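Only one structure is covered here, and it is reproduced in the block below.
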Amino acid sequence: MPTRAFAAASPTSPLAPLTIERRAPLPSDVEIDILFCGVCHSDLHFARDEWGMTTFPVVPGHEILGRVSRVGGNVTRFKVGDLAAVGCLVDSCRTCSSCARGLEQFCKSGAIFSYGSDDHHSGGKTHGGYSERIVCDEAYTLKVPANLDPARAAPLLCAGITTWSPLTKWGAGPGKKVGIVGLGGLGHMGVKFAHALGAHTVLFTTSKGKAADGRRLGADEVVISSDADAMAKHAGTFDLIVDTVSADHDLDAYLALLNLDATLVLVGVPPKPQPVKAFSLIAPRRNLAGSLIGGIAETQAMLDFCGKHSIACEIELIRMQQINDAYERMLKSDVKYRFVIDMASLKG
Ligand code: NAP
Ligand code: ZN
Ligand code: ZN
C-alpha cells in the first residue's frame with residue numbers, strides 16, 4: 001500500500017515528503033492509522049547519520065500512536081477502532097535467551113527496530129512513524145490506556161520506557177536518592193517516574209530557565225550543573241543517576257556524586273566517546289552502566305502504570321511540515337518537553 005511519509009534522503013538533506021510501501025496486514029498483523037508520533041533525539045541522530053549506521057532514505061519516528069484500521073485473521077488482542085501504539089521494536093526472533101526474558105531489544109539475532117532495520121517482509125529497511133500508517137505484528141503492538149490524552153501518551157513509547165526501565169531495574173523508590181541528568185524528552189519523563197516511584201529526585205540541568213519546570217514535574221531538588229559548589233554538595237550521595245544527555249559532557253562529574261556501589265546509567269547516546277577516569281569508578285567502588293529502551297511486556301507495564309497514575313508527557317504539538325525546525329530547536333534544548341507530530345497534517 002502506498003503510504004505518505006517524511007524521510008531524510010541523506011545526512012544533510014532536510015526531511016521531505018516520500019511515498020513508501022506498507023504491506024497489507026498478514027494474519028498476525030495490526031494496521032494502525034497513525035494519529036501522533038513523538039520526535040525523539042534519536043530520530044535526529046539517525047536522520048543525520050551521527051551514529052554512522054543509517055541507510056537512506058530513512059523515515060524516522062518510534063513513538064507511534066494511532067487507531068487500528070485493519071487486523072489480520074489471527075489477531076485476538078486488537079479490533080478495528082482501538083487505540084494502539086508501536087514503539088522502537090517491531091519484531092525479534094522470539095526464541096533466544098533475551099527474547100525469552102522479555103528483553104527483545106537485546107535479541108541475539110538482532111531486534112527489528114521500527115526504522116532502519118532489515119525488514120524481512122519487504123526486503124528493504126523498516127520505516128518509522130513519520131507516516132500515515134504502520135503495520136505491525138500484534139505481539140509488538142501496545143495497548144494504550146483510555147484515560148490518557150493520545151498525543152501526550154505517544155512519547156511514552158520511547159522517552160517513557162527508556163527512563164522507566166533503568167529506574168525500575170536499579171530500584172528507584174522510597175529511601176533512594178535518584179538523579180536525572182538533562183530535562184529534555186527522556187529527562188522530563190525520568191523526573192516524573194522517579195518522583196512517582198517515591199524516590200528523592202534531583203534534576204541536573206544546564207538550563208537555568210528549566211529549574212521551576214523541573215520542580216513542577218516532580219524534582220525535589222534542581223542543580224544547575226555548571227555550578228561547581230552546588231554539584232559538590234551532592235558528592236558521594238546518590239544511589240542511582242540516569243543520564244539522558246545527547247551531546248558531549250563530563251561523566252566524571254556525575255560519577256563523583258555516586259555513593260558506594262551506586263550506579264550511573266547512560267541512556268543518552270552522544271555521537272562521540274565520553275572519557276571516564278578510572279579513579280571515578282574505583283574509589284568508592286561505583287558502577288557505570290547503560291540501558292536500551294525496554295522490552296514489550298515492560299513497555300506495557302509502564303503504559304499501564306501511566307494510565308493508573310494519570311502520567312503523560314509535556315508536549316508541543318507540531319505539523320509534519322515543521323519537523324526540520326523542530327530538529328533545530330531540539331539541538332538548542334528548546335523543547336518543552338517533547339515535540340509530537342499531529343499526523344493529520346501529513347494528509348491535509
Ligand atoms: P532531548 O529532548 O534533546 O534532551 C536532551 C537534553 O540533554 C537537553 O534537553 C539538555 O537538557 C541536555 N543537553 C543537551 N546538550 C547538552 C550538553 N552539551 N551538555 C549537557 N546537557 C546537554 O533528547 P531526548 O530525546 O531526551 O534524547 C536524549 C538522548 O537519549 C539522545 O542521545 C537519544 O538518542 C538518546 N536515547 C536513547 C535511548 C536508549 O534506549 N538508550 C532511547 C531514546 C533516546 P538541559 O537543558 O536540562 O540541560
Ligand atoms: Zn527514541
Ligand atoms: Zn531473540
Side-chain angles (χ1 to χ4, degrees), residues 37-48 50-51 60-64 87-89 91-115 128-129 154-166 180-191 203-211 213-214 217 219 222-226 242-251 253-254 265-272 274 289-296 299 313-316 326-339:
C37 183
V39 178
C40 180
H41 207 117
S42 300
D43 299 348
L44 186 161
H45 289 308
F46 207 83
R48 299 187 176 180
E50 292 177 350
W51 295 330
H62 55 209
E63 296 181 335
I64 303 163
C88 303
L89 287 166
D91 212 346
S92 65
C93 84
R94 309 172 193 216
T95 55
C96 73
S97 54
S98 299
C99 288
R101 289 175 60 193
L103 297 170
E104 298 89 350
Q105 72 273 37
F106 305 120
C107 176
K108 305 263 189 203
S109 306
I112 311 293
F113 294 101
S114 29
Y115 58 83
L156 295 173
L157 277 301
C158 178
I161 185 58
T162 301
T163 48
W164 171 264
S165 184
I180 303 290
V181 188
L183 196 68
L186 268 55
H188 93 286
M189 290 315 301
V191 168
L203 166 68
F204 295 93
T205 179
T206 60
S207 306
K208 288 196 178 91
K210 293 181 182 173
D213 279 349
L217 295 170
V222 177
V223 176
I224 307 301
S225 50
S226 54
V242 177
D243 180 340
T244 76
V245 175
S246 51
D248 290 345
H249 62 296
D250 182 5
L251 297 187
Y254 293 101
V265 184
L266 305 183
V267 292
V269 190
K272 288 193 223 131
Q274 306 295 299
S291 186
L292 176 69
I293 50 171
I296 293 296
T299 304
C313 309
E314 309 300 304
I315 66 158
E316 179 176 338
Y327 278 9
E328 291 310 312
R329 284 183 53 197
M330 192 154 60
L331 284 174
K332 292 184 216 146
S333 303
D334 174 25
V335 42
K336 291 185 171 171
Y337 280 91
R338 194 57 137 190
F339 292 117

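In each ligand, atom 1 is the first atom listed, and ligand 1 is the first ligand listed. Just so it is clear, the structure is predicted and the values come from calculations on it, not from any experiment. All values below were derived from every heavy atom in this structure, side-chain atoms included, with hydrogens, water molecules and symmetry-related copies excluded.
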I need the nearest protein heavy-atom contact for [atom]: residue, atom name and distance, please.
| atom | answer |
| --- | --- |
| atom 39 (C) of ligand 1 | Thr162 CG2, 3.4 Å |
| atom 26 (O) of ligand 1 | Leu186 N, 2.8 Å |
| atom 15 (N) of ligand 1 | Ala247 CB, 3.9 Å |
| atom 8 (C) of ligand 1 | Ser333 OG, 3.5 Å |
| atom 40 (O) of ligand 1 | Ile293 N, 2.7 Å |
| atom 30 (O) of ligand 1 | Gly268 CA, 3.2 Å |
| atom 35 (C) of ligand 1 | Val267 O, 3.6 Å |
| atom 29 (C) of ligand 1 | Thr244 O, 3.3 Å |

What I want to know is whether [X] and ligand 1 share at least one N or O pair that is separated by under 3.5 angstrom.
| X | answer |
| --- | --- |
| Leu292 | no |
| Thr205 | yes |
| Leu183 | yes |
| Val245 | no |
| Phe204 | no |
| Thr206 | yes |

(request) Would you indicate whether Arg94, at its atom CZ, is surrounded by more than 12 heavy atoms from other residues, nucleotides or ligands within a distance under 6.0 Å? (result) yes
(request) Examine all N, O or S atoms of His62, backbone included, and report whether one is under 2.8 Å from the Zn ion (ligand 2). (result) yes
(request) For the residue pair Tyr327 and Asp43, establish whether any side-chain heavy-atom pair is separated by less than 4.5 Å. (result) yes
(request) Answer yes or no: is there a side-chain heavy-atom contact under 4.5 Å between Arg101 and Phe106? (result) no
Contact atoms of ligand 1, heavy-atom distance to [X] under 4.0 Å:
| X | result |
| --- | --- |
| Cys158 | 42 (C), 43 (C) |
| Trp51 | 34 (O) |
| Lys210 | 9 (O), 11 (O), 45 (P), 46 (O), 47 (O) |

(message) Counting only heavy atoms, tell me which of Ser291, Ser246, Gly182 gets closest to atom 5 (C) of ligand 1.
(response)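 Selected option, by shortest heavy-atom distance: Ser246.
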(message) Just to be sure I'm reading this right: ignoring hydrogens, which of Met330, Arg338, Met189, His62 gets closest to atom 25 (O) of ligand 1? Compare them by their nearest heavy atoms.
(response)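 Ranked by closest heavy atom to atom 25 (O) of ligand 1, first place is Arg338.
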Heavy atoms only: give me the nearest [X]-[Y] pair and the separation to one decimal.
| X | Y | value |
| --- | --- | --- |
| Gly61 | Cys37 | CA-SG, 3.7 Å |
| Lys210 | Leu183 | NZ-O, 3.0 Å |
| Pro271 | Trp51 | CA-CD1, 4.2 Å |
| Ala159 | Gly185 | CB-O, 3.5 Å |
| Met330 | Phe339 | N-CE1, 4.3 Å |
| Ser114 | Gly87 | OG-O, 2.8 Å |

At a non-hydrogen distance cut-off of under 4.0 Å, which region of [X] contacts ligand 1 (side chain, backbone, both, or neither)?
| X | result |
| --- | --- |
| Asp248 | backbone |
| Ser42 | both |
| His41 | both |
| Phe46 | neither |

(message) Only to 10 degrees, please: what angle do the SG atom of Cys93 and the SG atom of Cys96 make about the Zn ion (ligand 3)?
(response) 100°
(message) Test of geometry: compute the angle SG(Cys158)-the Zn ion (ligand 2)-SG(Cys40) and round it to 10°.
(response)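 It is 130°, given to the nearest 10°.
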(message) Set out, in order, the CA-CA distance, both residues' side-chain angles and the distance that settles side-chain contact (heavy atoms from CB on, under 4.5 Å) for Ile224 and Thr205, then state yes or no.
(response) CA-CA 5 Å; Ile224 307 301; Thr205 179; 3.8 Å; yes
(message) Which residue is it: Glu316, Glu63, Glu314? I am looking for the one with a salt bridge (Lys or Arg N to Asp or Glu O under 4.0 Å) to Arg338.
(response) Glu63
(request) Could you label the plane-to-plane angle of the Tyr115 and Phe46 rings as parallel, tilted or perpendicular, counting under 30° as parallel and over 60° as perpendicular? (result) perpendicular
(request) From the options His41, His45, Lys272, select the one residue that forms a side chain to side chain donor-acceptor pair (under 3.5 Å) with Glu50. (result) His45
(message) Does Phe113 form a side-chain contact (heavy atoms from CB on, under 4.5 Å) with Ile293? I'd like the steps, not just the answer.
(response) CA-CA 11 Å; Phe113 294 101; Ile293 50 171; 4.0 Å; yes
(request) Please test Cys313 against Leu156 for side-chain contact (heavy atoms from CB on, under 4.5 Å), starting from the C-alpha separation and ending with a verdict. (result) CA-CA 7 Å; Cys313 309; Leu156 295 173; 3.8 Å; yes
(message) Run Leu217 and Leu203 through side-chain contact (heavy atoms from CB on, under 4.5 Å) and show every step you take.
(response) CA-CA 10 Å; Leu217 295 170; Leu203 166 68; over 6 Å; no
(request) Give a yes/no verdict on whether any heavy atom in Cys40 is under 4.0 Å from an atom of ligand 1. (result)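 Yes, Cys40 has heavy atoms under 4.0 Å from ligand 1.
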